Amino acid sequence: MMTRWYSRMVAPLMGPLMAQVCAVATLMAVPAVAADAGAPAPKLIVLVSVDQFSTDLFQQYRSHFTGGLRRLTEGAVFPNGYQSHAATETCPGHSTLMTGDHPARTGIIANDWYSFKGPRPGKIYCAEDESKGSYKAYVPSDVHLKVPTLGERMKAADPEVRTVSVAGKDRAAIMMGGHAVDELWFWKDGQGFISYEGRTAPAAVTAVNEAAMAEIAKPAKEYAEPEWCKAIDMPVAVERKDDVLTVGNGRFARQPGPKAEAQWRASPAFDAAIVDLAVRLIKDMKLGHGKSVDVLTVGASATDYIGHSYGTEGSEMCIQVANLDRTLGKLVAALDATGVDYVLALSADHGGNDIPERERLRGMPMAARVDDGLVSENLGKKVAPLGVDGAELLFGGGNGDVWVGPTVAGSWRTKVVNEALALYRADPQVAAVYTAAEVAAAPAPTGAPDAWSLLDRARASFDPSRSGDLVVFLKPRITAIPSKPASYIATHGSPWDYDRRVPILFWRKGITGFEQPLSVETVDIMPTLAALVGFKLALGDVDGRCLDLDGGSGDTCPVTAQ
């Protein structure tokens, strides 16, 4: 697991450094210098996760970066990072980043799953404690995460380590922060940034919440559209349940009203607020200035809300990426200003797929929405003669895990599974379907993640206590949202590379930058950061391996982690 899969390749960075036009941009220009073998460990680890930031988006707009994303491209660049598992959703993806483990070990197999035992049988949210509250009024919790994060491992070894996790979503903050976090804050509609019950909001949270609520209450002007966005600025109509939505040429103008907060979240302003909170906590807590190494994780969530609301290939996403670059520039400027020796890493929980309506206009005739008949509730009705009258037989969605309901037992359960299996396999939109027994019998996958089979990808997401009786994979470019959607028009969650591939980037002053185009995994981030700060992991502790971040003669991985 911890052996190298390939020899390191050194590639030049793209283009000369672009001229900077403001003080923040000037701070971006701090160069990486030759590595010093005797240099001390960094005093602050910062990991940024950009929700739904695929390798496709990173490469598409890379030549235009001038801010924080530009800084990161001057370090160690792994453009072909993989969320290797099949369940490419927010909760599983975030669970891999700071644990170094696949969902099969973290236990976070999806955003939601079904359990018909325990304190509250039915649908379970990945970041809740179902012994309290209800699914719709859940109590945020880390109880479902089965493994520790790097921050909590370090804190257990040294109580003076401080860990901070800030994100736009509770499941992002919780899965990256883990079970022992000094400050953990996430957005909740109508309330602003909140934490677990009983935690007192520091001044930074109060200030950011006041500013955000004031911003949401006011009209918002259109964002400026960069010249390089105009080539894809084109209106596309999407028929929804109650209206026809036009996307592709939006600029995030907003008026006060009941939809204002949701529109604000699905705009560059949301990431600006998240990063503002992170910057304030860095300053107020003096992160990196203590005796021990501190850990900060930041979950930038706007890209995901924009991708779901507008798709990934219109003006909306182009404007978002441009603003994300500037927003991350402010984070980097704040980190530079502290004078602290820090390492900055960036990746994503998953990628994303554009709306099929636009894909068909751009040379992808196979793009489509999932047939309503494949939704588990509807397919279950076709199997109904085998079940209990009036009972729902199948639970889940149109893609991923499917659970057989609790009313079916014994030989009837086997018949229901077999009948559902046959119906899925006969459908022209389905690429593959496996039973839980087939997935469980498969060995844990090894080797380069771009060569994994579909069964390998399913196995990396499989937890026998939580996974479904079946796992269904739709064919490429089949969006798992039926025709005439009620709200979101685009999604992710497939086992295909447009949802699996994400950039993995590291920057630290003192390493020789390079680019490695071969595939690596998001589970490699944690052991890489651990090695950089001298935190030792035993062989087999995690699924990931250490990546050498020095493109020169130095080596940031200890010999035992090679």
Side-chain angles (χ1 to χ4, degrees), residues 21-22 24-25 28 48-54 56-58 60-62 64-72 90 166-169 172 186-187 189 192-193 208-209 211-230 232-233 247-256 259-280 298-334 346 348-349 352 354 488-490 503:
V21 295
C22 63
V24 168
M28 300 301 101
V48 176
S49 171
V50 180
D51 203 318
Q52 202 180 142
F53 191 47
S54 66
D56 295 335
L57 283 179
F58 171 71
Q60 182 176 1
Y61 298 117
R62 181 175 176 178
H64 301 289
F65 298 154
T66 61
L69 289 170
R70 176 61 185 238
R71 167 70 71 83
L72 282 155
T90 299
V166 174
K169 298 179 181 179
F186 45 83
W187 186 266
D189 282 357
F193 287 100
V208 172
N209 281 343
M213 292 305 181
E215 184 178 23
I216 292 167
K218 298 186 301 185
K221 296 181 180 179
E222 291 185 345
Y223 277 74
E225 182 179 51
E227 188 65 30
W228 38 275
C229 292
K230 293 180 180 177
I232 61 171
D233 186 331
V247 299
N249 62 344
R251 289 165 179 74
F252 304 111
R254 187 181 68 250
Q255 293 297 322
K259 296 182 180 180
E261 188 169 355
Q263 293 170 344
W264 176 82
R265 275 193 290 105
S267 81
F270 192 29
D271 284 342
I274 296 164
V275 168
D276 184 17
L277 178 53
V279 167
R280 287 172 182 266
V298 182
S301 304
T303 304
D304 186 68
Y305 286 117
I306 290 165
H308 284 301
S309 300
Y310 305 104
T312 61
E313 290 300 319
S315 63
E316 299 91 352
M317 187 61 77
C318 188
I319 293 169
Q320 159 62 8
V321 174
N323 280 275
L324 173 68
D325 182 38
R326 284 192 283 271
T327 295
L328 293 178
K330 295 177 181 178
L331 174 62
V332 170
L346 181 144
D349 53 344
D354 195 26
Y488 284 157
I489 61 174

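These figures come from a predicted structure and were not determined experimentally.
- Relative ring orientation between Phe270 and Tyr305 is described as tilted, the plane-to-plane angle lying within the 30° to 60° band.
- Heavy-atom minimum distance, Gln255 versus Ala260: O-CB, 3.7 Å.
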Kindly determine whether Leu346 and Leu328 satisfy side chain to side chain contact (heavy atoms under 4.5 Å, CB included), including the steps that lead there. CA-CA 10 Å; Leu346 181 144; Leu328 293 178; 3.7 Å; yes
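- Inter-residue side-chain proximity for Arg251 and Asp233 is flagged as met; some heavy-atom pair is nearer than 4.5 Å.
- Of the N and O atoms on the side chains of Thr303 and Gln52, not one donor lies less than 3.5 Å from an acceptor on the other residue.
- Expressed to the nearest 0.5 Å, how far CD1 of Ile216 lies from CD of Glu261 amounts to 4.5 Å.
- For the salt bridge (charged side-chain N to carboxylate O under 4.0 Å, His left out) criterion with Arg265, the lone passing option out of Asp304, Asp271, Asp189, Asp51 is Asp189.
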Evaluation steps, side chain to side chain contact (heavy atoms under 4.5 Å, CB included), between Val321 and Asp325: CA-CA 6 Å; Val321 174; Asp325 182 38; 5.7 Å; no
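- Note that OH of Tyr223 is 4.5 Å distant from OG of Ser267, once rounded to the nearest 0.5 Å.
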Set out, in order, the CA-CA distance, both residues' side-chain angles and the distance that settles side chain to side chain contact (heavy atoms under 4.5 Å, CB included) for Lys169 and Thr90, then state yes or no. CA-CA 9 Å; Lys169 298 179 181 179; Thr90 299; 3.5 Å; yes
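- Note that CD of Gln263 is 11.0 Å distant from CZ of Phe252, once rounded to the nearest 0.5 Å.
- Using a 30° and 60° split on the angle between ring planes, Phe58 and Phe53 fall in the perpendicular class, above 60°.
- Summarising the geometry, atom NE2 belonging to His64 is positioned 13.0 Å from atom CG belonging to Leu69; distances are rounded to the nearest 0.5 Å.
- Under the 30°/60° scheme for interplanar angles, the aromatic rings of Trp187 and Phe193 are found to stand perpendicular.
- Note on ring orientation: taking the six-membered ring where Trp is involved, the planes of Tyr488 and His308 are parallel (angle under 30°, cut-offs 30° and 60°).
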Please assess Cys318 against Ile232 for the test side chain to side chain contact (heavy atoms under 4.5 Å, CB included), listing each intermediate value before the final yes or no. CA-CA 8 Å; Cys318 188; Ile232 61 171; 4.0 Å; yes
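- For the atom pair Arg280 CZ and Leu277 CG, the distance stands at 8.5 Å (nearest 0.5 Å).
- Distance check, rounded to the nearest 0.5 Å: CZ of Arg254 to NZ of Lys221 gives 13.0 Å.
- Pairing each heavy atom of Asn323 with each of Ile319, the nearest pair is ND2-O, 2.8 Å.
- A pairwise comparison of heavy atoms in Ser301 and Ala167 identifies OG-C, 4.5 Å as the closest pair.
- No side-chain heavy atom of Pro268 sits under 4.5 Å from any side-chain heavy atom of Leu324.
- Contact detail for Ala348 and Ser49: the closest heavy-atom pair is CA-OG, 4.0 Å.
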